Amino acid sequence: MSGTFVGMPAFPEAAREAVRDERLRGNLRHATHTIRAKRAAAVAEVSDWAELREAGRRIKDHTLRHLDRYLERLEAAVTAAGGTVHWAADAAEANRIVTELVLATGETEVVKVKSMATQEIGLNEALEAAGIRAYETDLAELIVQLGRDRPSHILVPAIHRNRAEIRDTFRSEMKEWGRPAPAGLGDSPAELAEAARLHLREKFLRAKVGVSGANFMVAETGTLVVVESEGNGRMCLTLPETLISVVGIEKTIPTWRDLEVFLQTLPRSSTAERMNPYTSMWTGTAGDDGPRTFHLVLLDNGRTDTLADEVGRQALRCIRCSACLNVCPVYERAGGHAYGSVYPGPIGAILSPQLRGTGSAVDASLPFASSLCGACYEVCPVAIDIPEVLVHLRERVVQGGPAVREGNKVVLRPAKGHAAERAAMRAARWAFDRPGVLRTGQRLAARTRRLHPRTLPGPGRAWTESRELPAVPPEPFRDWWERTEGGRIENGRPERTGDGRTGSGPERAGEEEAE
């Protein structure tokens, strides 16, 4: 992945700073709760939602198991339809391909429809270095670009900004990028949307090159699909003479019939709509109808490494709906920037460390950016078990072990900062393997429980600032079990059964069995 977020601190430090921003937390709380409620209502309308979710999971898993075959089928179909397919192993290769394609047209401007893959590889920065200016046309992406900001949400990149902030950005920055904001611009949604429409319209009509991503690629026909709500995608995909689509290889699905499932689950999970207002599909080129030249850049950039991980590969099912972000208590308080990646929230916490590796401090910290409450798994429309992958990646960070990086099998070294945790786990394993030691430790803890502190010192202080240490019981469970015969004798008296008889000891139990 690119260096878009170079210099970001690890998640704990970034989150600590973010939670102090009361305005940010207010913006996030209002937005995520609103989207969450609307999504729940939209999903409740579908009686077979569980079946659709399972179908999506199976389609994605089947495709990932046979991805090589479907990618070759996709390439053949796109080529037969008049398109050209390029393969990019990493961000640098993808940026080089796209830059050369744009330069070959003689143009110095491109319009873009929102693509997380191009954000992932830092395409805008690469184009700028080559003297090419890229204009974001999605409203939220435009806000981020004009504000020289970074996206903080998969679906709503400017979710951390309120209307007043957006108005101020439009007033001060639009003139530097093209048509200025209307005089006296207010902060109502209608005024802001109209200002963006007027600003972008001239770019749509002038641009000769468009750059897009895709939500899905149908291997059967070579068709690419983009779903969106504003119409900017339709303009970017149809007006330019040259269209370049940069798409991650995991966006492939086998057939048109499979697309039916996702066109039901994606809109409801993302925008809480029954159907996206704009669903654009294109297959190669068609003479003077739409772009005359079409290029598809298939992006790996760590995806085949992720595919090699039997547990972690389920992250590649993701259809970028952002439902997991809107229910995550950690994301709601910390915001997207704290994740140091274009993929924030729960899905980013499992996707980024696999695409980029866990060598940096920020990537090593991401698997721990979760309470493991499981809400993300419950709302995922393709049933990604995010908590399972988080625990799996935590083990990789702390213990190290085998992994695949850049197509090669490697053995990762444990990350720094976890030596105490590893020592504690080894000590626990040693004690659990020795019942006598475990029993002695339990008895000692029970007898000294009055001396135990209510809060932990040192690194444990942060944990006990918001919770109390569990109280140690007066005696270990095993001792209680032996003393009471499993609860049948308490305080020296046999326990009474429901019919008034006593149930003390094995003799009585044997009599009951005989009866």
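Since the structure is predicted, the reported quantities are computational estimates derived from the model, not experimental observations.
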Between the side chain of [X] and the main-chain N/O of [Y], is any donor-acceptor distance below 3.5 Å?
X: D305; Y: G407; result: yes
X: S322; Y: L325; result: no
X: T79; Y: T84; result: no
X: R333; Y: P329; result: yes
X: T99; Y: R96; result: no
X: E75; Y: V78; result: no
X: K251; Y: A214; result: yes
X: S365; Y: F11; result: yes
X: H337; Y: R150; result: yes
X: E395; Y: G401; result: no

[Y] side chain reached by [X] side chain, heavy atoms, under 4.5 Å:
X: V389; Y: D385; value: no
X: R53; Y: T265; value: no
X: C376; Y: P387; value: yes
X: L307; Y: I249; value: no
X: F262; Y: I59; value: yes
X: D21; Y: R25; value: no
X: P367; Y: R396; value: no
X: M235; Y: V111; value: no

Work out which heavy atom in [X] is nearest to a heavy atom in [Y]; give both atom names and the distance.
X: N301; Y: L355; result: O-CD2, 3.8 Å
X: S269; Y: V379; result: OG-O, 4.5 Å
X: I319; Y: L266; result: O-CD1, 3.6 Å
X: A219; Y: T252; result: CB-CG2, 4.1 Å
X: L299; Y: A94; result: CD1-CB, 3.9 Å
X: T32; Y: L28; result: OG1-O, 2.7 Å

Near [X] [atom1], under 6.0 Å, is it more than 12 heavy atoms from other residues, nucleotides or ligands?
X: E45; atom1: CD; value: yes
X: E51; atom1: CD; value: yes
X: R58; atom1: CZ; value: no
X: D48; atom1: CG; value: yes
X: R69; atom1: CZ; value: yes

| field | Trace of the salt bridge (charged side-chain N to carboxylate O under 4.0 Å, His left out) decision for K203 with E109 | value | CA-CA 9 Å; K203 292 180 170 54; E109 294 181 340; over 6 Å; no
Counting only pairs under 3.5 Å, give me each side-chain donor-acceptor contact of residues 237-247, with atom names and distances, residues two or more places apart or in other chains.
unit_1, atom_1, unit_2, atom_2, d
T238, OG1, R234, O, 2.6
S245, OG, S212, OG, 2.8

Quick check for you: to the nearest 0.5 Å, what is the distance between [X] atom [atom1] and [Y] atom [atom2]?
X: L390; Y: F368; atom1: CG; atom2: CZ; result: 9.5 Å
X: D309; Y: Q314; atom1: CG; atom2: CD; result: 9.5 Å
X: F204; Y: N232; atom1: CZ; atom2: CG; result: 5.0 Å
X: S352; Y: L393; atom1: OG; atom2: CG; result: 10.5 Å
X: I159; Y: I143; atom1: CD1; atom2: CD1; result: 11.5 Å
X: Q354; Y: T306; atom1: CD; atom2: OG1; result: 4.5 Å

Check [Y] with [X], please: is the shortest side-chain N to carboxylate O separation under 4.0 Å?
X: E220; Y: R257; answer: no
X: R20; Y: E17; answer: yes
X: E141; Y: K112; answer: no

Once you measure the plane-to-plane angle for [X] and [Y], does it fall in the parallel (<30°), tilted (30-60°) or perpendicular (>60°) bin?
X: H62; Y: H66; answer: tilted
X: H295; Y: H86; answer: tilted
X: Y135; Y: W177; answer: perpendicular

| Step by step, would you call R303 with E120 a salt bridge (charged side-chain N to carboxylate O under 4.0 Å, His left out)? | CA-CA 12 Å; R303 286 160 174 79; E120 173 189 326; 2.8 Å; yes
| query | Between T169, D149, N27, which is the residue that forms a side chain to side chain donor-acceptor pair (under 3.5 Å) with R161? | reply | D149
| said: Against the six-membered ring of Y377, is R317 placed for a cation-pi contact (under 6.0 Å from the centre, within 45° of the normal)? | reply: no
| request: Check K60, R313, R320 against E250 for a salt bridge (charged side-chain N to carboxylate O under 4.0 Å, His left out) and give me the one that passes. | output: R320
| field | Distance-only donor-acceptor check, side chains E273 and T271, under 3.5 Å | value | yes
| Going by distance alone, is a donor N or O of one side chain under 3.5 Å from an acceptor N or O of the other, for N276 and T279? | no
| request: Let me see the working for V113 and D138 under side-chain contact (heavy atoms from CB on, under 4.5 Å), right down to the final yes or no. | output: CA-CA 6 Å; V113 56; D138 176 85; over 6 Å; no
| task | Please step through side-chain contact (heavy atoms from CB on, under 4.5 Å) for the pair V226 and Y278, ending with a clear verdict. | result | CA-CA 8 Å; V226 163; Y278 295 90; over 6 Å; no
| query | Is there a side-chain contact (heavy atoms from CB on, under 4.5 Å) between L296 and M217 once you walk through the steps? | reply | CA-CA 10 Å; L296 171 60; M217 300 183 292; 4.0 Å; yes
| Taking it one step at a time, do R57 and E54 satisfy salt bridge (charged side-chain N to carboxylate O under 4.0 Å, His left out)? | CA-CA 5 Å; R57 182 191 69 80; E54 177 63 13; 2.5 Å; yes
| message | Pair N124, E136 - check side-chain contact (heavy atoms from CB on, under 4.5 Å), show working. | response | CA-CA 9 Å; N124 287 8; E136 299 290 351; 2.9 Å; yes
| message | Walk me through whether E378 and R39 qualify under salt bridge (charged side-chain N to carboxylate O under 4.0 Å, His left out). | response | CA-CA 13 Å; E378 295 299 326; R39 178 202 171 276; over 6 Å; no
